[in-house]
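In the text below, chain A, chain B and the rest are named by the order of the sequence lines, each starting its count at 1.
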Number of protein chains: 2
Amino acid sequence: MSKKYRSDAMASIHETMEALHTIGAIDKRTMRRFDEACLTPVSPLTAREIKALREREHVSQAIFAHYLNVTTSLVSKWERGEKKPSGPALKLLSLVEKHGLTAVA
Amino acid sequence: MSKKYRSDAMASIHETMEALHTIGAIDKRTMRRFDEACLTPVSPLTAREIKALREREHVSQAIFAHYLNVTTSLVSKWERGEKKPSGPALKLLSLVEKHGLTAVA
DNA sequence: CGAAATATAGCACGGAGTGCCATAGAATAA
DNA sequence: TTATTCTATGGCACTCCGTGCTATATTTCG
């Protein structure tokens with residue numbers, strides 16, 4: 001019950017805000033600031049954190065890579081610090097970290 | 001009710017599969033193939049599809065970019081075909097396309 | 001009207017991500 | 001046991017994604 005409250009609330013609030021805006025009840029500026037405030041913060045992840053994250057989900061590098069639509073070798077490089085995820089990749093990892101692997105299924 | 005059936009089912013099935021595997025009831029191979037079959041397919045998006053997708057969500061390029069953790073200019077380039085999203089970025093866009101913007105919030 | 005948001009544009013640049021192949025250890029099957 | 005598959009690491013070359021900055025034109029709003 002309370003497990004899905006977060007995303008459900010988000011969705012309904014978002015719809016409400018949108019309706020308020022189309023009606024003209026609220027500002028476009030307010031709308032924008034609301035949107036920016038609602039995002040899950042994206043914090044940079046260390047190599048070890050990525051590996052721990054994957055092992056928390058009990059999947060191999062290959063499957064993990066599949067979920068994120070990247071190659072297996074890249075996941076290996078992430079976990080060894082040879083490459084650092086950035087931009088979209090970091091966002092995906094943050095999603096997995098906060099909502100689990102099924103959030104990106 | 002039926003609106004969230006998809007993700008809920010996914011989550012519970014995934015947990016069930018995991019439990020079955022740890023107990024030893026099912027194969028590791030079977031587990032892997034199941035995982036691969038469960039992913040939302042990632043299809044390449046054209047420039048116009050990306051723009052239509054963003055407008056469907058009623059957000060500006062800036063906010064859209066914020067959601068995906070990329071820069072505003074990149075979104076502009078996507079929509080004009082100057083650059084093509086690939087790998088993690090494409091996965092994120094597919095998520096938005098299929099589950100809405102709140103899925104990546 | 002003026003001010004802020006929005007979208008387009010161009011350019012240089014670092015490095016993320018890809019692809020392929022090879023290796024080696026661990027797990028599973030026959 | 002042997003054989004086969006999965007697993008993770010490693011290297012190397014290469015493409016071009018994504019960033020950062022700036023400038024401009026248009027639109028939208030107070």
Side-chain angles (χ1 to χ4, degrees), chain A residues 20-37 42 44-48 50-94 104, chain B residues 17 20-36 42 44-48 50-94 104:
Chain A
L20 285 175
H21 170 251
T22 39
I23 290 175
I26 60 168
D27 229 328
K28 220 174 199 176
R29 238 169 322 309
T30 316
M31 180 74 183
R32 202 185 106 256
R33 299 194 177 265
F34 159 78
D35 267 328
E36 287 179 354
V42 174
L45 296 169
T46 70
R48 237 167 308 161
I50 296 177
K51 178 162 193 164
L53 176 58
R54 176 179 62 83
E55 288 173 342
R56 192 193 70 184
E57 303 291 332
H58 303 97
V59 292
S60 67
Q61 290 181 342
I63 296 181
F64 196 70
H66 221 97
Y67 269 89
L68 306 183
N69 197 35
V70 297
T71 60
T72 309
S73 69
L74 183 57
V75 173
S76 172
K77 282 161 191 171
W78 281 347
E79 296 187 356
R80 282 177 294 121
E82 191 177 328
K83 301 264 170 126
K84 304 201 170 184
S86 80
L90 203 55
K91 176 72 184 188
L92 273 176
L93 288 172
S94 295
V104 296
Chain B
M17 292 291 285
L20 285 174
H21 170 250
T22 39
I23 289 175
I26 60 168
D27 230 328
K28 224 176 199 175
R29 239 170 320 311
T30 316
M31 180 74 182
R32 202 185 106 258
R33 299 194 178 267
F34 159 78
D35 267 327
E36 287 180 353
V42 175
L45 296 170
T46 71
R48 238 167 309 162
I50 296 177
K51 178 162 192 165
L53 176 58
R54 175 179 63 82
E55 288 172 343
R56 193 192 71 185
E57 303 291 333
H58 303 97
V59 291
S60 67
Q61 290 181 343
I63 297 181
F64 196 70
H66 221 97
Y67 269 89
L68 306 182
N69 196 36
V70 296
T71 60
T72 307
S73 69
L74 183 57
V75 173
S76 173
K77 283 162 193 175
W78 281 347
E79 295 187 357
R80 283 178 292 123
E82 191 177 329
K83 300 267 169 120
K84 304 201 172 186
S86 79
L90 203 55
K91 175 71 184 188
L92 272 176
L93 288 171
S94 294
V104 297

**Asked** So which heavy atom on A:Gln61 is nearest to which on A:Glu79, and how close?
**Response**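 Here A:Gln61 and A:Glu79 meet closest at NE2-OE1, 3.0 Å.
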It should be established whether [X] places a side-chain nitrogen or oxygen under 4.0 Å from OP1 or OP2 of nucleotide [N].
X	N	result
A:Arg80	D:dG10	yes
A:Ser76	D:dT9	yes
B:Thr71	D:dT19	yes
A:Gln61	D:dT9	yes
A:Trp78	C:dG17	yes
A:Arg54	D:dA8	yes

**Request:** Please confirm whether any donor atom in the side chain of B:Lys77 sits under 3.5 Å from an acceptor in the base of D:dG20, or the reverse.
**Result:**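 A donor-acceptor contact between them is present.
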**Request:** Would you kindly check whether a donor in the side chain of A:Lys83 faces an acceptor in the base of C:dT18, or vice versa, at under 3.5 angstrom?
**Result:**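 No, the side chain and the base share no sub-3.5 Å donor-acceptor pair.
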**Prompt:** What's the closest nucleotide to the B:Leu74 side chain, out of C:dT18, D:dT19, C:dT8?
**Reply:**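 Closest of the options to the side chain of B:Leu74: D:dT19.
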**Request:** Round to the nearest Å and state the distance from A:Lys84 atom NZ to D:dC17 atom P.
**Result:**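 It works out to 24 Å between those atoms.
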**Request:** Would you indicate whether B:Arg80, at its atom CZ, is surrounded by more than 12 heavy atoms from other residues, nucleotides or ligands within a distance under 6.0 Å?
**Result:**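 Yes, enclosed.
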